[in-house]
Asks: 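The following block contains the structure, expressed as structure tokens.
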There are 2 protein chains.
Amino acid sequence: MASLLEGQARPIRLADIARAAGVSHGTASNVFSRPEIVRAEVRERVKAVAEQMGYAGPDPKGRLLRAGKVNAIGVATTEPLSYFFDDPFARAMMGGISEACDATGAGIALVSAANQEKLAWNIQSALVDGFILFCIEGGSRLVDLTRERRLPFVALELGFQDETVSAIGVDNVAGARLAARHLAELGHRRFAVLSLAFADGRTGFATPDIVRGALYTGTRDRLAGYFEELARFGVDTTKIPVYETENEEKSTRAGLEAIFAKDEPPTAILAMSDRMALIAIDWLTARGIKVPQDVSIVGFDGVPDGALCTPGLTTIAQPITEIGRRAARMILDHDGAVRRETMGVELIVRASTGPARKG
Amino acid sequence: MASLLEGQARPIRLADIARAAGVSHGTASNVFSRPEIVRAEVRERVKAVAEQMGYAGPDPKGRLLRAGKVNAIGVATTEPLSYFFDDPFARAMMGGISEACDATGAGIALVSAANQEKLAWNIQSALVDGFILFCIEGGSRLVDLTRERRLPFVALELGFQDETVSAIGVDNVAGARLAARHLAELGHRRFAVLSLAFADGRTGFATPDIVRGALYTGTRDRLAGYFEELARFGVDTTKIPVYETENEEKSTRAGLEAIFAKDEPPTAILAMSDRMALIAIDWLTARGIKVPQDVSIVGFDGVPDGALCTPGLTTIAQPITEIGRRAARMILDHDGAVRRETMGVELIVRASTGPARKG
DNA sequence: GCAGAAATTTGAATCGATCCAACAAAAATG
DNA sequence: CATTTTTGTTGGATCGATTCAAATTTCTGC
């Protein structure tokens with residue numbers, strides 16, 4: 001009785017089918033994976049037995065071990081899982097990754113975790129052939145963790161200068177210059193910068209020291225781009241307030257409060273992400289400050305949402321979807337080489353920027 | 001020489017470490033999975049050897065086979081992968097699923113495929129502990145395919161009446177009645193229905209025969225709800241045009257063309273999804289037909305986007321996130337039982353509905 | 001210094017498949 | 001009818017780990 005019950009609970013294995021059908025496990029395996037090389041009569045018999053015993057088909061867990069390849073790519077971030085579905089930048093990126101995966105039939109495994117410890121575990125135990133890393137905050141830690149798996153991986157939004165890891169990013173300096181020039185040409189001379197983090201966990205006005213010691217060189221490059229270009233228009237960049245935020249609502253609003261509490265509020269804001277730019281538009285509008293009549297804003301990223309809001313967001317657009325596609329392809333066609341690609345960016349002028357107020 | 005080169009290429013296994021460190025595989029395994037039971041001295045030695053040989057840590061492929069549990073849930077649909085990141089309903093649902101997975105540290109594997117054959121393969125080979133199925137079109141096929149894996153699964157947006165599968169859905173009849181009553185009470189008497197599919201691949205005006213033979217009972221129930229309630233207000237429901245679409249732009253627009261080509265155009269539209277409702281608003285506005293002054297629209301689903309567009313969409317809101325959470329929990333805490341849950345819905349009145357024109 | 005308890009370590013068995021060299025049977029060829 | 005080909009089947013080896021009962025070592029207390 002007991003053995004009968006146990007038999008019920010235990011899932012049926014290929015070997016059980018083979019035994020019941022009176023063939024070797026080799027043949028039974030072939031029935032499922034290469035049916036054409038098995039004699040029709042045998043094939044049908046085995047299939048019938050499998051059907052009758054309620055066999056679920058070859059367990060991918062077993063196959064995997066033998067085959068070695070999972071046929072899935074992991075996408076990891078330090079944010080919670082919902083980030084992939086909420087954040088417009090992430091979503092656009094995932095769109096590109098999806099496309100590449102759809103084309104080759106690969107799957108996508110989302111990896112993230114509530115805390116650092118779990119993140120480490122999740123990366124160690126993810127069943128994937130490689131990783132795409134969304135390096136937002138804590139990007140360097142994510143890279144370190146992933147490196148240990150010794151699987152191919154590519155860092156997105158690179159940020160930090162580690163030439164030994166594959167990465168795809170954009171020309172931050174060029175993009176920043178485009179943004180700055182656009183505003184300068186509209187006559188703006190008083191600026192503020194809503195900056196991404198220079199190092200983990202920081203927030204508040206950034207000093208030159210902080211900028212020099214930047215862990216995230218992407219942030220540093222954007223700032224450098226802004227300043228270089230503005231300097232060419234005779235702007236004293238040392239006077240420009242640079243507020244470091246975490247690319248979310250709370251700290252961005254805090255930054256705006258701080259910036260507009262100053263004596264000479266800016267007529268133009270350079271935001272290092274569209275997310276922050278959109279929050280800024282919202283904040284300003286709620287305070288009766290008109291965009292772009294009173295204050296102009298340029299974002300950075302080119303997320304689809306920027307086209308839909310009112311006013312439409314002027315921004316430096318990255319080829320987000322294309323970056324996603326390429327990242328996925330890098331993992332899928334991995335050849336062992338380290339690749340670093342820098343994509344071009346483009347100024348998209350919409351309604352959030354306008355001529356500076358006279359006077 | 002050759003053997004040396006081969007040694008380079010072949011990844012290092014736990015057994016290699018054990019041999020090099022002069023311990024058994026059992027001990028080597030313990031060093032990584034339960035370090036506390038290994039004597040400190042031995043532990044450090046093994047770790048040092050592992051480090052020095054460039055061991056990537058225990059391969060999850062091997063562990064998996066032994067452990068049996070993947071600690072990930074698969075989310076499957078017949079749409080392309082990008083659906084998960086584009087579609088507002090799917091995104092809201094994924095938000096709920098993410099939450100539940102984050103809470104337990106489980107991963108999410110996205111499963112989909114370009115064609116039916118690949119879909120079958122992807123479902124067969126997905127490394128997951130269970131599935132959540134997005135049953136849009138082709139839902140019944142998706143369920144059949146998944147059933148073969150003999151893993152726990154739950155169907156979302158149930159639709160069809162198969163009492164043997166776990167599912168979470170909403171009270172379609174009640175929701176539809178709420179929508180219909182709202183419009184009727186506003187004085188509307190001329191209606192049109194933008195319907196979801198009654199069976200796969202259909203599009204165009206639905207006849208009573210089609211409705212009776214519905215494969216997707218969810219669609220049928222919503223229609224029944226609309227009609228029941230309207231009948232109570234004395235509306236002749238046999239005159240109401242019901243256009244079946246595929247819940248995307250093209251066929252929805254075709255439906256609107258067809259509906260407004262009729263002699264007596266409706267003053268109110270009952271849309272079975274917010275997606276279609278939003279497309280309808282867009283289509284009408286583009287034609288100079290004012291919403292809600294000329295035509296009122298009620299959607300169904302309650303996606304976040306409905307609150308943001310202009311005019312805000314009046315809709316029947318499902319507790320989407322909560323459904324996602326529950327679905328994930330069903331898989332994570334699976335106990336072998338078949339569960340069918342029906343969630344309540346709620347009428348959310350925004351600006352897309354207004355009093356019927358006099359006359 | 002020794003028995004007995006406690007802490008470590010061992011190594012075979014197992015998870016569920018696929019692969020492949022060797023063999024057997026059937027078919028084709030001379 | 002003997003010989004070569006072709007076709008189909010077999011069963012052991014392997015993928016990379018974990019587990020657990022048994023063996024061994026170390027520690028306690030006297």
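Below, each value reflects all heavy atoms present in this structure, side chains not excepted, and no hydrogens, waters or symmetry copies. In the text below, chain A, chain B and the rest are named by the order of the sequence lines, each starting its count at 1.
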Asks: Between the protein and nucleotides 17-20 of chain C, list every N/O to N/O distance that falls short of 3.5 Å.
Replies:
| unit_1 | atom_1 | unit_2 | atom_2 | d |
| --- | --- | --- | --- | --- |
| dA17(C) | OP1 | Tyr55(A) | OH | 2.9 |
| dA17(C) | OP1 | Asp59(A) | N | 2.4 |
| dA17(C) | OP2 | Leu14(A) | N | 2.5 |
| dT18(C) | OP2 | Ser29(A) | OG | 2.3 |
| dT18(C) | O2 | Arg66(A) | NH1 | 3.0 |

Asks: Could you pull out all residues at least two apart from Phe84(B) that satisfy ring-ring contact (aromatic ring centres under 6.0 Å, His included)?
Replies: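 Partners of Phe84(B) under the ring-ring contact (aromatic ring centres under 6.0 Å, His included) test: Phe134(B).
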Asks: Rounded to the nearest angstrom, tell me the gap between atom CG in Leu127(A) and atom C1' in dC15(D).
Replies: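 Computing the Leu127(A):CG to dC15(D):C1' distance gives 14 Å.
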Asks: Rounded to the nearest Å, what distance is computed from the CD1 atom of residue Ile37(B) to the P atom of nucleotide dT9(C)?
Replies: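 Going from CD1 in Ile37(B) over to P in dT9(C) covers 8 Å.
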Asks: Quick test of your reading of the model: are Asp59(A) and Arg149(B) salt-bridged, counting only N-O distances below 4.0 Å?
Replies: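 A salt bridge is absent here (no side-chain N lies under 4.0 Å from a carboxylate O).
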Asks: Which residues satisfy the salt bridge (Lys or Arg N to Asp or Glu O under 4.0 Å) test with Lys47(A), sequence neighbours excluded?
Replies: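 Lys47(A) satisfies salt bridge (Lys or Arg N to Asp or Glu O under 4.0 Å) with no other residue.
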Asks: Check nucleotides 22-27 of chain D against the protein and report each pair of N or O atoms closer than 3.5 Å, with its distance, or say if there are none.
Replies:
none

Asks: Once side-chain hydrogen bond (donor to acceptor under 3.5 Å, both in side chains) is applied, do any residues pair with Asp333(A), and if so which ones, sequence neighbours excluded?
Replies: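 Result, side-chain hydrogen bond (donor to acceptor under 3.5 Å, both in side chains) vs Asp333(A): Arg329(A).
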Asks: Atom CZ of Arg150(B) to atom C1' of dG16(C): distance rounded to whole Å?
Replies: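 So the two atoms are 17 Å apart, to the nearest Å.
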Asks: Does CD in Glu117(A) sit with more than 12 non-hydrogen atoms of other residues, nucleotides or ligands closer than 6.0 Å?
Replies: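 No.
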Asks: So which one's nearest nucleotide on DNA chain C is more toward 5', Leu65(B) or Ser24(B)?
Replies: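 Looking at DNA chain C, the more 5' nearest nucleotide goes with Ser24(B).
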Asks: Going by the rule salt bridge (Lys or Arg N to Asp or Glu O under 4.0 Å), which residues pair with Asp86(B) if we only count those two or more places apart in sequence or in a different chain?
Replies: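 Residues passing salt bridge (Lys or Arg N to Asp or Glu O under 4.0 Å) with Asp86(B): none at all.
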Asks: What is the distance from CG of Asp16(B) to P of dT14(D), rounded to the nearest Å?
Replies: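 From Asp16(B) CG to dT14(D) P: 14 Å.
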Asks: Using salt bridge (Lys or Arg N to Asp or Glu O under 4.0 Å) as the criterion, list what pairs up with Arg150(A), not counting sequence neighbours.
Replies: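 Salt bridge (Lys or Arg N to Asp or Glu O under 4.0 Å) check on Arg150(A) returns nothing, list empty.
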Asks: Axis-to-axis angle across the helix from dG1(C)-dC30(D) to dG30(C)-dC1(D), five pairs an end, to 10 degrees?
Replies: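 Answer rounded to 10°: the end axes differ by 30°.
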Asks: Please report, rounded to the nearest Å, how far the C1' atom of dT9(D) is from the CZ atom of Arg45(A).
Replies: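 In whole Å, dT9(D) C1' and Arg45(A) CZ are 11 Å from each other.
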Asks: I'd like to check the salt bridge (Lys or Arg N to Asp or Glu O under 4.0 Å) partners of Arg339(B); sequence neighbours left out, ordered by chain and number.
Replies: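 Only Asp335(B) meet the salt bridge (Lys or Arg N to Asp or Glu O under 4.0 Å) criterion with Arg339(B).
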Asks: Tell me which donor-acceptor pairs under 3.5 Å the side chains of residues 93-106 of chain A have, and how far apart each pair is, sequence neighbours excluded?
Replies:
| unit_1 | atom_1 | unit_2 | atom_2 | d |
| --- | --- | --- | --- | --- |
| Ser98(A) | OG | Met94(A) | O | 2.7 |
| Glu99(A) | OE1 | Arg325(A) | NH1 | 2.4 |
| Glu99(A) | OE2 | Arg325(A) | NH1 | 3.3 |
| Asp102(A) | OD2 | Leu81(B) | N | 3.0 |
| Thr104(A) | OG1 | Ala100(A) | O | 3.4 |
| Thr104(A) | OG1 | Cys101(A) | O | 3.4 |

Asks: Starting at atom NZ of Lys69(A), determine the distance to atom C1' of dC15(D), rounded to an integer number of angstrom.
Replies: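 The distance from NZ of Lys69(A) to C1' of dC15(D) comes to 17 Å, rounded to the nearest Å.
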Asks: Sequence neighbours left out, what passes ring-ring contact (aromatic ring centres under 6.0 Å, His included) with Phe32(A)? Give chain and number order.
Replies: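 If we apply the ring-ring contact (aromatic ring centres under 6.0 Å, His included) test to Phe32(A), skipping adjacent residues, the hits are Tyr55(A).
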Asks: Using ring-ring contact (aromatic ring centres under 6.0 Å, His included) as the criterion, list what pairs up with Tyr83(A), not counting sequence neighbours.
Replies: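 Partners of Tyr83(A) by the ring-ring contact (aromatic ring centres under 6.0 Å, His included) criterion come out as none, since no residue qualifies.
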